[in-house]
Amino acid sequence: MKEAILIGTGLVGSEIQRLGKGSLRIKYLLRTTGIYSESGDKLTTLSELPKYTDVDIAIIAIPTLDNGERAFEYLLHFLKKGVPVVTCEKGALANFFPELKPYLRSVGYSATVGGGTRMIPFLQGYDNKKIESILAVINGTLNYIGSQIAAGEEPRAAVTQAIENGYTEPGPTGLIALINNEMQDVLLKCIILANTFNKDFELRASNVPWEPISESQLEEIASNSKTLRCQLSISKSRPASRIGGFLLKEGDWYIAAGFMPIERLGSNVSLGVENILIIKGSDGERVLRGPGAGKTPTALSMLEDVMGLLGE
Ligand SMILES: NC(=O)c1ccc[n+]([C@@H]2O[C@H](COP(=O)([O-])OP(=O)(O)OC[C@H]3O[C@@H](n4cnc5c(N)ncnc54)[C@H](OP(=O)(O)O)[C@@H]3O)[C@@H](O)[C@H]2O)c1
């Protein structure tokens with residue numbers, strides 16, 4: 001059986017352990033407090049990590065508490081030793097994509113964007129010259145909260161349900177802070193998706209000026225919850241309207257994210273936590289849909305990456 005080191009044993013990490021049983025041996029576990037054996041005994045401190053690379057794969061499931069530097073260090077550490085890495089942490093890919101480019105064949109990062117939709121491997125295997133525009137819903141949590149409010153739920157109650165369902169990113173739980181934490185998550189995912197779509201882009205999330213949602217904008221979004229959704233748009237035309245998020249111009253392309261009119265999604269509006277990718281191209285329209293947040297779709301997508309990289 002192939003052997004792994006698992007970095008981060010929280011919601012997602014524990015689910016990987018549970019779902020991977022029988023097909024993958026988690027030989028070492030890494031927490032903030034040190035390195036542990038598979039049975040949970042502490043082996044040593046984190047500074048001894050260089051001695052623990054006798055594994056087939058490294059799996060990263062830590063939060064983004066910095067600009068991704070910590071996860072980037074873990075990625076480089078294993079990749080330079082020839083150990084492939086699967087990660088669901090977004091900061092490293094969103095801020096250090098140019099540095100990771102030479103190693104991307106050995107990195108599984110499907111779970112960083114789109115949950116269980118597998119939109120990243122789809123884009124990696126698709127001829128991007130055919131693409132005319134990309135429209136996506138990539139934050140299942142905001143989509144879930146928006147759908148609940150549109151169905152008549154109070155904003156605070158909708159956020160509480162999202163937290164209880166395990167959909168939210170690690171971090172703040174207050175209404176406006178949580179929404180903006182999810183908006184930050186949207187920014188990271190947009191940059192990863194855009195860099196994957198166009199190999200010429202070298203975007204870094206930390207360089208993107210983004211607009212947090214203000215209290216009054218949140219009220220506007222809540223009272224228009226039936227007509228607004230948080231979306232990503234990559235297109236050669238500038239989106240007509242947007243609340244919060246960001247707008248970038250890169251070559252011929254406008255890359256934007258924020259709350260935009262729901263009718264842009266046409267018949268592909270999703271309710272709840274689902275994520276969607278709509279690609280319009282010279283060969284027609286393609287739509288990918290799937291569960292967008294939650295420990296189980298995330299862990300399943302990561303395990304699929306593991307098996308893909310290990311050739312299983
Ligand atoms: N939950 C979801 O639905 C979902 C979906 C997609 C992606 N993700 C991503 O998955 C990642 C993990 O999320 P989660 O919900 O599992 O978080 P979590 O429950 O807060 O767990 C985080 C784990 O990471 C460990 N950790 C933190 N910093 C570390 C470091 N520098 N070195 C080693 N271990 C470290 C923590 O260790 P201690 O126990 O010692 O504190 C904890 O075990 C995040 O990047 C998140 O964005 C989550």
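We count ligands from 1, going down the list as the structure has it; atoms in each ligand are counted the same way. From a predicted model like this one, the values you see are computed outputs, not experimental measurements.
- Checking N181 against E169 by side-chain atom types alone, no donor-acceptor pair falls below 3.5 Å.
- Each ring-ring contact (aromatic ring centres under 6.0 Å, His included) pair with one or both residues in residues 133-184, not counting sequence neighbours, appears once here: Y144-Y167.
- The stretch residues 15-46 participates, sequence neighbours left out, in these ring-ring contact (aromatic ring centres under 6.0 Å, His included) pairs: Y28-Y52.
- Looking at Q161 and E153, their side chains do bring a donor and an acceptor atom within 3.5 Å of each other.
- No side-chain donor from either of S233 and S235 sits under 3.5 Å from a side-chain acceptor of the other.
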Check ligand 1 against the protein and report each N/O to N/O distance under 3.5 Å, formatted as atom name, atom name, distance.
residue	atom	partner	partner atom	Å
ligand 1	3 (O)	G294	N	2.8
ligand 1	3 (O)	G294	O	3.4
ligand 1	16 (O)	L11	N	3.1
ligand 1	16 (O)	V12	N	2.8
ligand 1	19 (O)	L11	N	2.9
ligand 1	32 (N)	Y74	OH	2.8
ligand 1	40 (O)	T32	N	3.0
ligand 1	40 (O)	T32	OG1	2.5
ligand 1	43 (O)	T9	N	2.9
ligand 1	43 (O)	G10	N	3.2
ligand 1	45 (O)	I62	O	2.6
ligand 1	47 (O)	K90	NZ	3.2
ligand 1	47 (O)	E169	OE1	2.4

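- Sequence neighbours left out, the pairs with a member in residues 71-86 that pass side-chain hydrogen bond (donor to acceptor under 3.5 Å, both in side chains) are R70-E73, R70-Y74.
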